[in-house]
Amino acid sequence: MRVLIIGSGGREHALAWKLAQSPHAEAIFAAPGSDGMARVAVCLPDVAVLDVAAQIAAVRQQRIDLVVIGPEDPLAHGVSDKLRAAGIAVFGPSAAAARLESSKGFARAFMARHGIPQPRFEVCGDAESAQRAIRARGGKCVVKADGLAAGKGVAVCAREAEAFAALSEMMDARRFGAAGARVVVEDVLAGEEASYLVVTDGERIVPLAPAQDFKRALDGDRGENTGGMGAYAPAPLVSEAIEKRVLEEIVHPTLRGMRADGMPFSGVLYVGLMIDASGAPSVVEFNCRFGDPETQVLVAQMDGDLLPMLDGAARGELDASLPARGEGAAMCVVLASGGYPREFEKGKAIRGLSAAEQIPGVVVFHAGTKKADGEFVTNGGRVLGVTARGANFAEARERAYAAADRIAYEGRQFRRDIGARALAR
Ligand code: GLY
C-alpha cells in the first residue's frame with residue numbers, strides 16, 4: 001500500500017516510522033513532512049495540511065491508497081470529509097465528529113446527554129458568566145478555551161485571581177484567537193491522569209496500551225501547560241479492572257452516542273482520563289487524533305502492524321482482533337526550546353542525534369527541527385521526542401534519559417521526572 005500522512009510533527013514522524021515497517025507498505029509519503037521525517041517518508045513540502053486540492057493532486061499523482069491525518073486542525077477544518085468526497089480512503093474523523101476535540105463545550109454537552117462521567121461544568125459565552133462560574137467554585141476550577149489551542153488553552157487554577165487572569169488571557173487578550181471566544185469552566189477533578197486511545201471504525205475498536213503524558217513544562221508538574229513534555233506506556237495506573245470500566249462507561253457509550261447523534265466517529269478516539277482514588281474514571285477531555293507524544297511511545301512499544309489497523313478503520317472494516325500492544329515498555333522525553341511554551345528562539349545547531357540513536361531501543365522523533373547547511377537546527381517549541389523501548393519500564397526510562405543527555409543545543413529544556421511515579425509503583 002501507498003500511504004500519505006498529513007502533518008509534520010513528532011507524532012507524524014512516529015506514525016511514518018511505524019507504518020514504514022509494515023510488510024504491506026510499499027511507500028510512505030508525508031505532506032508536508034519535515035527534514036527529520038525524510039529518513040522514513042518521501043516528503044511533499046509544497047502540500048500543506050489544509051490544502052485539500054494539493055492533497056488530492058498528490059494522491060492521484062503518487063497513487064496513494066490511504067491518507068492518515070495526524071493533527072487536529074485539518075480534521076476540524078473538514079479535510080477528511082473533502083478527501084472522502086473525492087473517493088479517497090481516509091483515517092480520521094469527519095469535522096462533525098472532530099468537534100469532540102475542536103469544541104470543549106460541544107464535548108461536555110455530548111457527554112452530559114449520553115451519561116458519560118465528567119466533572120460539573122458551565123459553558124460561558126461572555127466574561128461575566130465565566131466570572132460567576134469561577135466565583136461559584138471559590139476560584140478552584142479549570143478554565144478551558146472552547147476551541148483548539150495546541151494543548152495550551154487549559155488553566156488549572158487554585159485561586160480566583162489565577163482563574164480570572166487565565167480567563168482574561170483567553171477572552172480579552174485572545175491569546176488563543178477565536179478559540180477563546182467561549183470558555184468552559186469546570187470543577188477540578190482529583191486523581192491521576194491517563195491517556196487511553198482506541199482505533200475505531202465507528203463501531204469496532206482496537207484499544208492501544210494505556211499511556212500517561214506530562215503536560216506541564218517543569219518537573220513536579222509545575223509551570224504552564226504545554227503540548228506535552230513526555231510520555232510512557234503501558235501505564236500501570238490503568239489496571240485491567242479500570243480499563244474495563246473505561247470501555248464500558250466511556251468508550252462504548254461515546255461511540256454509540258456519536259452514531260445515535262448522526263456523526264459516527266472513526267479514527268482514533270483519545271480519551272484523556274482522570275482516575276480517582278477509588279478507580280473511577282472520568283473524562284478530562286476527548287481528542288480526535290493520536291496523542292503527541294503518546295504516539296511516539298505507543299508505536300515504539302507495539303509489535304503488531306499498524307497499517308492494517310488504520311486501513312481497516314478508514315474503510316469501516318476494522319479487525320478488532322489485531323494486536324496493538326507489545327512486550328516491555330517505552331518512554332519518550334521531549335526536548336524543547338528554552339522559553340517554551342512562551343517565546344523561544346529557533347535555529348540552534350543540534351548535536352548528538354546519531355550518538356543518541358546508538359543506544360539500543362532508542363529512536364529520536366523530530367518535532368520542531370529543520371536542516372540548515374546539511375545540519376539539523378531547532379525550528380519549534382517542542383524539538384525532539386527522544387523515545388526508548390526496554391524490556392521493562394526502568395530500562396526504557398534509563399535509555400531515554402541516557403539518549404537525551406547525548407543531545408545538545410543552546411537552550412535545551414526537558415523534564416527529568418518523566419515516569420518517576422510509574423517507577424515507584
Ligand atoms: N499529549 C496530549 C495531546 O496530544 O493532546
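We number each residue from 1, following the sequence as shown. Order of listing sets the numbers, starting from 1, for every ligand and every atom in it.
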>> Tell me the protein heavy atom at minimum distance from atom 1 (N) of ligand 1, and give that distance in Å.
In response: Asp213 OD2, 2.6 Å
> To the nearest 0.1 Å, how far is atom 5 (O) of ligand 1 from its closest protein heavy atom, and which atom is that?
Replying inline: Arg289 NH2, 2.9 Å
> Have Tyr270 and Glu101 got a donor and an acceptor in their side chains that come within less than 3.5 Å?
Replying inline: no
> Any N or O on Lys215 sitting closer than 3.5 Å to an N or O of ligand 1?
Replying inline: no
>> Parallel, tilted or perpendicular, judged at 30° and 60°: which one describes the rings of His13 and His366?
In response: tilted
> Applying a 4.0 Å heavy-atom criterion (strictly less than), which segment of Glu294 is in contact with ligand 1: side chain, backbone, both, or neither?
Replying inline: side chain
>> Taking 4.0 Å as the limit for heavy-atom contacts, which would you say applies to Phe290 with ligand 1: side chain only, backbone only, both, or neither?
In response: neither
>> Which heavy atom of Val184 sits nearest to which heavy atom of Gly105, and what is that distance?
In response: CG2-N, 3.7 Å
> Between Val42, Val47, Val59, Val67, which is the residue that forms a side chain to side chain contact (heavy atoms under 4.5 Å, CB included) with Phe29?
Replying inline: Val42
> Roughly how far, to the nearest 0.5 Å, is CG of Leu255 from OG1 of Thr200?
Replying inline: 4.5 Å
>> So if I count the atoms of ligand 1 from 1 in the order they appear, which ones are less than 4.0 Å from some heavy atom of Asn287?
In response: 5 (O)
>> Can you name the atoms of ligand 1, numbered from 1 with element, that are less than 4.0 Å from a heavy atom of Gly291?
In response: 4 (O)
>> Just to verify, which of Glu192, Glu193, Arg421 counts as forming a side-chain hydrogen bond (donor to acceptor under 3.5 Å, both in side chains) with Gln212?
In response: Glu192
> Is Gly228 near ligand 1, meaning one of its heavy atoms is under 4.0 Å from it?
Replying inline: no
> With a 4.0 Å cut-off on heavy atoms, is Gly227 touching ligand 1?
Replying inline: yes
> Do we get Arg11 above Phe290's six-membered ring, with its NZ or CZ under 6.0 Å from the centre and within 45° of the axis?
Replying inline: no
